[in-house]
Amino acid sequence: MEPTFKIPDTGVFVSEYNRKIFSATRMPETVKILDTTLRDGEQTPNVALSSEDKVKIAQALDELGVDIIEAGFPINSEGEADAVKRVAGSGLKSEICALCRASPADIDAALACDVDSVHIFLATSKVHLEKKLKISQEEARDKAVTAVQYGKDHGLTVEFSCEDGTRTELDFLNVVHKAIQEVGVDRIDIPDTVGVMTPTAMTQFVAEIKRNVKVPLAVHCHDDFGMSVANSLAGVLGGAEEVHCTINGLGERAGNAALEEVVMGLQAFYNIKTNINTRKMAFVSRLVSQLTGIAVPPNKAIIGENAFSHESGIHVHGVLSDASTYEPMRPEIVGKERTFVVGKHSGVHAVQNKLKEYGLELNHDQLKEVVARVKKWAESGKKLDDAELLAVAYDVIGQEAAPAIKLEEFTVFTGLNFTPTATVVLNIDGENRRASDTGVGPIDASVNAIKAAVSKNIVLKEYRLEAITGGSNALCEVTVKLGDCEDAQLMSLGKSVGSDIVTTSVDAMVEGLNRLWVRKLGVCNGKEKKRAY
Ligand code: KIV
Ligand code: ZN
C-alpha cells in the first residue's frame, strides 16, 4: 500500500491510512458553505464594516463560490439594514441570508432588505433560558414555531438554530426540531456556540439529531478551544450537509471555523466537494484582512504567510527536489505561492535558490561563506530579509563598491488641497539628472520622481514601512522591492532606517536602484560595464 495518496486533480497529498478510515463511511458528496464573515465575523471585537465594504466582501464571497452569504443582522441598526439591503440588491448568485431573533419584528426587518432567506435563532440551553431569556422550554418552543411560521408565511427560506445547541438537552432539541419541521423549516443548524465540543462527540451528537430531522442539517462551530474546524468536519461525518464558516476564522471571541480550513479539510480528508473555487481563497482572505483590519497570523493554516514557506535546509532541499516531501498541498490550489526564507536554519540550497531569484549565481565556496554569515546574523537575534541577504552576497562577491546612483538633491511639497510634488537630482554614473513628479502622497510623489529620473522601466513591486519605535519621532524601516518591466528576472531590494518616512523611503529607493543597476549591468557575471539606465 502506498502510504501517501494524491487526490486526483487536486494537488493534495494525504495519508492513505486516513483516507481508508473514512472511505467506508457514508458521507454526502457535496457540502454547502454558509459564510458568516459579514455577520458573526463582524462580531470580532473591534470590527465594524461599512456598507460599501460589506458589498465588496459579498461580491468576493460570491465569486469564491459561497452558497449562502449571511449578510448581517438587519434589526441591529439602520446602517446594518442598509448594508444587508445593498448586498441583497447586488445581483449575486449566492443566497443572501439575514440573521433574526425568533421575533416577527426581526423577520420584518429582514424582509425589508429583500433577502432570500433568514437564519432565525433562539437559545435553548438551560443556562440561556434561565439566566438570559428568562422563559420556559415550552415558551421557547412556541416562540421558535411562531417565528418559523412567520418566515414561511412571508415566502422566505428559513434556517433555524437552537443557540447554544451543544449545551442543550438532546430531548429538548428534538422537541424544538420536531415542532419547527411541522411548520416547514427548510434547514436546521446546530450551533456549538461556545466551542465546547470534541470531534468524537460532535459526530455522535449530529448523528443523533439527524435521526429526528428530515431537512438538511448544518453545523456552526466556535473556536474557544481551537476545535472549530475539527468539530465542523466531525459534524459532517455525523451527517451535516452545510457548514457555517468565516474567512480567516473571524468571529465572536476566538472566532468561527475558518472557511479555508473547512473547505480544504473536507476535500483532503473526506474527498467531499464544495462549490468553493479554492484558488481564490488567498485573495479573499487578504481582502477581508484589509477591510476588517484583522491581520492573519503568519502561521495560520492554508492562508497564513508561512503556510507555504520553507526555511530549514533539510526542508528546502526536499521541496526543491519534490514539493510533496513537505507540502501536503500545492500552494497554487489555494491561490498562494511557495516561498523560501533564508534564516538560521538555512543551508546552501536555500541560499542558492533565493539568490537565483535575484539573478545572482555564486560558486560553492561563496555560497558557504554567505550561509555562515547568515547563520551568525540570525543567531544574534536579528531578522534577516532578502535585502540583508543580498547585501551579504554582494559583499562576499565583492560588489557593493561605489554606488552608481547618488542622491544629490531632494525636495517634496505636500499639504491640504495640494497635489504632493517631489523633485530629485540624482547623480547617475557621473551625470546629474533632475526630475519632478506628483503622487497621491509625498512618498508616492518621491518614488515617481526617482523613477522619472532613472527610467520609466523601473517598477516598484513592493513597499513596506515598519515602525521600529513608538511616538511621533519613531524610527521607521522602509524596504522596497524593485523590478524592471523589460526583464522579469531583474529584481532588487533596498532598505533604509530613519526617523523621516519620506527621506527614509527615498534612501531605500536609491539603495534598491543601485543594486538593480549592478544586476542590469550583469557585473556579477563578469560582463563588460556599460550604462544600465
Ligand atoms: O454562535 C451562535 O450560536 C450564533 C447563533 C446566532 C447561531 O452565532
Ligand atoms: Zn456564532
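Every number for a ligand or one of its atoms is a count from 1 in the order of the listing. Reckoned from all heavy atoms, side chains included, excluding hydrogens, waters and symmetry mates. Here the structure is a predicted model, which means the values were calculated and not measured.
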(request) For ligand 1, note which part of R101 has a heavy atom under 4.0 Å away: side chain, backbone, both or neither. (result) neither
(message) For ligand 1 and T193, I'd like to know whether there is a polar contact (N/O to N/O, distance under 3.5 Å).
(response) yes
(message) Test of geometry: compute the angle NE2(H220)-the Zn ion (ligand 2)-NE2(H222) and round it to 10°.
(response) 100°
(request) Would you check, one step at a time, whether the test salt bridge (charged side-chain N to carboxylate O under 4.0 Å, His left out) holds for E261 with K300? (result) CA-CA 9 Å; E261 296 171 32; K300 182 94 176 139; 3.1 Å; yes
(message) Under a 4.0 Å threshold between the charged nitrogen and the carboxylate oxygen, would E332 count as salt-bridged to R338?
(response) no
(request) Please could you name the atoms of ligand 1 that E163 approaches to less than 4.0 Å, counting only its heavy atoms? (result) 3 (O)
(message) Please determine whether a side-chain nitrogen of the Lys or Arg among K85 and D82 lies less than 4.0 Å from a carboxylate oxygen of the Asp or Glu.
(response) no
(message) Can a side-chain donor-acceptor contact be found between T193 and H222 if the only test is distance below 3.5 angstrom?
(response) no
(request) May I ask you to identify the nearest protein heavy atom to atom 5 (C) of ligand 1, giving residue, atom name and distance to one decimal place in Å? (result) R39 NH2, 4.1 Å
(request) Could you tell me if any non-hydrogen atom of H119 lies under 4.0 Å from any atom of ligand 1? (result) yes
(message) How far is atom 4 (C) of ligand 1 from the closest protein heavy atom, and which atom is that?
(response) H220 NE2, 3.5 Å
(message) At under 4.0 Å between heavy atoms, is it the side chain or the backbone of H222 that contacts ligand 1, or both, or neither?
(response) side chain
(request) For the residue pair N248 and I294, establish whether any side-chain heavy-atom pair is separated by less than 4.5 Å. (result) no
(request) Please identify which atoms of ligand 1 are closer than 4.0 Å to at least one heavy atom of S161. (result) 7 (C)
(message) To make sure I understand the geometry: which N, O or S atom in D40 is closest to the Zn ion (ligand 2)?
(response) OD2
(request) Check L64, V66, N277 against V284 for a side chain to side chain contact (heavy atoms under 4.5 Å, CB included) and give me the one that passes. (result) L64
(request) Any atoms of ligand 1 less than 4.0 Å from a non-hydrogen atom of D40? List them with their elements. (result) 8 (O)
